[in-house]
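Sequence positions, counted from 1, serve as the residue numbers for this chain.
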Amino acid sequence: MTSALRFLQVVAAIAALSWAVPAGATTDIALWHAMSGELGRQLEKLASDFNASQSDYRIVPAYKGNYTETVTAAIFAFRSRSQPAIVQVNEVATATMTAAKGAIYPVFSLMRDQGEPFSLTDYLPAVSGYYTDAAGNLLSFPFNSSTPILYYNKTMFRDAGLDPEMPPKTWPALGIAAKRLRDHGAVCGFTTSWPSWIHVENFSAFHNLPVASRANGFAGLDAELTINNSVLVRHVAQLAEWQKTKVFDYGGRGQAAEPRFQNGECGIFIGSSATRADIRANSKFEIGYGIMPYWPDVKDAPQNSIIGGATLWVLRDRPRAEYKGVARFFAYLSQPGVQAAWHQNTGYLPITRAAFELTRSQGFYERNPGSAISFEEITLHPPSENSKGIRLGSFVLIRGAIEDELEQAFAGHKSAQAALDSAVERGNKLLRQFERASPDR
């Protein structure tokens, strides 16, 4: 990633060429993305609907593989000056994209330069705040954002004598419920997906604890990890203890654990709000929904959750005509009706409060229980310095190191303290490497 970053900086220094567009011609705008399956079809529909709404511009989506493959393809396309105008990049790569200043066209500058209406206050702070600079300017366009929520099997709750209308709200209550499920024959009480995202990143935000110094990296590249604090150590230690009796059963990285809930092995599951439609489609039981649990003795908990997902970044050195179209496309995506439909059809969060209010007025949340929980979580309180998001370089690698160490703790090979101390040490080395490679050093 260091060489790729330097390459982007070199390319960005090259003067942009402008190509004339014949009068009356439609300008094509490439959008490289990482969405396959139904999500890819929904993105294609967004582009098609925008294209049909006017005749000056045509968004041309192209699937380039997963997030890493997509951003890598965009970087290497600079070699032949064939980079797209828009590329979808996941949230953990925000610091890397931000560091390549000359290669990106910040969204706030784009909208201002192209004269398109744009107000940051229209967007949800917990979403937009993840992608702003130190001055509060939006760098990339929020697109697909999700947050963790709790799912539970109401049928298993009834069979175990638990109230099917009362999801556990705290970690102690979840432990009691999960043990009851195990006592009544469940293979496991609860499991989760995305270990670091849920048990470190969102856990910290929900308890108003920093993941790193320097405002989680927003205030400077010299940030250091702080995840070996006493609250997180206690939490990981409790998970490891529950693991011994399968009250908690670790299900792997990414979304690997999700099928264990769908097939009825585990009665409780904490995972992305964006998998709600998939869980409903593949589960043969009544599903309940709740907010993420919290430790009630931690001051300020619950605070607010943070997001995962991706944004749309605009790359420089494209013909001038394309940027007017990009700005028009972003203005289109921000319309309440468009954003509400995207939210409802995909399970991703609405990026504006207007889209949420429209969805509510349409009766969507009444017809689809649990679909508003993600919005309620991220707007529970105004984001604090600890719950705005994370802006750390090489965070994809850091997340991998954290999950290595969590697995050591869950397997009983390391204490929670030793595992998180090691995660901090490994993560800080990666942060220093990123800092040395950055032009802001």
Side-chain angles (χ1 to χ4, degrees), residues 146-195 197-199 202-203 206 235-296 301-302 305 347 364-377 406 410-412:
S146 60
T147 202
I149 65 172
L150 182 144
Y151 302 84
Y152 66 101
N153 185 322
K154 285 190 172 184
T155 303
M156 293 176 71
F157 265 50
R158 290 189 188 97
D159 292 344
L162 295 166
D163 187 340
E165 304 306 322
M166 289 292 290
K169 293 183 178 180
T170 67
W171 283 108
L174 185 145
I176 292 169
K179 184 178 185 304
R180 180 76 68 86
L181 292 169
R182 281 284 291 140
D183 291 344
H184 284 76
V187 175
C188 85
F190 79 98
T191 191
T192 70
S193 60
W194 301 103
W197 185 53
I198 290 172
H199 290 293
N202 265 282
F203 178 92
F206 219 44
H235 177 66
V236 173
Q238 180 63 80
L239 292 175
E241 185 63 27
W242 281 332
Q243 175 72 55
K244 295 176 181 177
T245 57
K246 300 299 180 70
V247 167
F248 165 69
D249 199 11
Y250 177 65
R253 304 188 189 190
Q255 295 174 261
E258 185 178 316
R260 301 194 66 196
F261 177 72
Q262 296 176 10
N263 65 25
E265 289 182 47
C266 304
I268 302 171
F269 172 69
I270 302 174
S272 171
S273 59
T275 64
R276 180 178 172 276
D278 185 56
I279 287 175
R280 289 186 65 189
N282 294 294
S283 302
K284 308 301 182 185
F285 49 82
E286 188 180 1
I287 305 165
Y289 307 90
I291 67 168
M292 283 192 303
Y294 60 94
W295 290 101
S305 61
F364 180 81
Y365 298 128
E366 290 184 9
R367 297 191 305 272
N368 298 273
S371 56
I373 286 176
S374 57
F375 182 89
E376 294 165 1
E377 269 193 1
L406 288 177
F410 297 155

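Counting only heavy atoms from C-beta outward, the side chains of D159 and H184 never approach each other to under 4.5 Å. The closest side-chain heavy-atom distance from F157 to E165 is not below 4.5 Å. Side-chain atoms of R260 and F269, non-hydrogen and from C-beta on, never get closer than 4.5 Å to each other. Looking only at side-chain heavy atoms (C-beta outward), E258 and D278 come within less than 4.5 Å of each other. With a 4.5 Å cut-off on side-chain heavy atoms, W194 and Q255 count as touching. A 4.5 Å side-chain heavy-atom check between I373 and L150 finds every atom pair outside the cut-off. With contacts defined as side-chain heavy-atom distances shorter than 4.5 Å, the pair S193/S272 does not qualify. Looking at Q238 and W171, their side chains never come closer than 4.5 Å, going by heavy atoms from C-beta outward.
In this structure, CD1 on I149 lies 7.0 Å from CD on E377, to the nearest 0.5 angstrom. Separating the CG atom in N153 from the CZ atom in R158 is a distance of 9.0 Å, to the nearest 0.5 Å. Going from atom CG of L174 over to atom NZ of K169 covers 13.5 Å, rounded to the nearest 0.5 Å. Summarising the geometry, atom CD belonging to E286 is positioned 14.0 Å from atom CE belonging to M156; distances are rounded to the nearest 0.5 Å.
Here the shortest heavy-atom pairing between I268 and P168 reads CD1-CG, 4.3 Å. When all heavy atoms of F410 and L239 are compared, the pair lying nearest together is CE2-CB, 3.7 Å. Nearest heavy atom pair, residue A256 against residue G251, reads CB-O, 3.4 Å. For the residue pair A257 and T192, the shortest heavy atom distance occurs at CB-O, 3.2 Å. The two residues F206 and P293 come nearest to each other via the heavy atoms CD2-O, 3.8 Å. Smallest separation of non-hydrogen atoms from P195 and Y250: CG-CE1, 3.6 Å.
Classification of the Y289-Y151 ring pair by plane angle, with boundaries at 30° and 60°, yields perpendicular.
With hydrogens and angles disregarded, a donor-acceptor distance shorter than 3.5 Å links the side chain of S273 to the backbone of T147. A distance-only check finds a donor-acceptor pair linking the side chain of R182 to the backbone of V187 [under 3.5 Å].
Annotation for K154: atom NZ counts as buried by contact number, over 12 foreign heavy atoms lying within 6.0 Å.
Annotation: ring pair (Phe, Tyr, Trp, His ring centres under 6.0 Å) contacts of Y365 (sequence neighbours excluded): H343, F356. Judged as a side-chain contact (heavy atoms from CB on, under 4.5 Å), and not counting sequence neighbours, the contacts of P148 are W197, I198, N202, I270, M292.
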- [ ] Kindly indicate, with the supporting measurements, whether the criterion side chain to side chain contact (heavy atoms under 4.5 Å, CB included) is fulfilled by T191 and E265.
- [x] CA-CA 10 Å; T191 191; E265 289 182 47; over 6 Å; no
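The ring-ring contact (aromatic ring centres under 6.0 Å, His included) test with F261 is passed by exactly one of F285, Y152, F190: F285.
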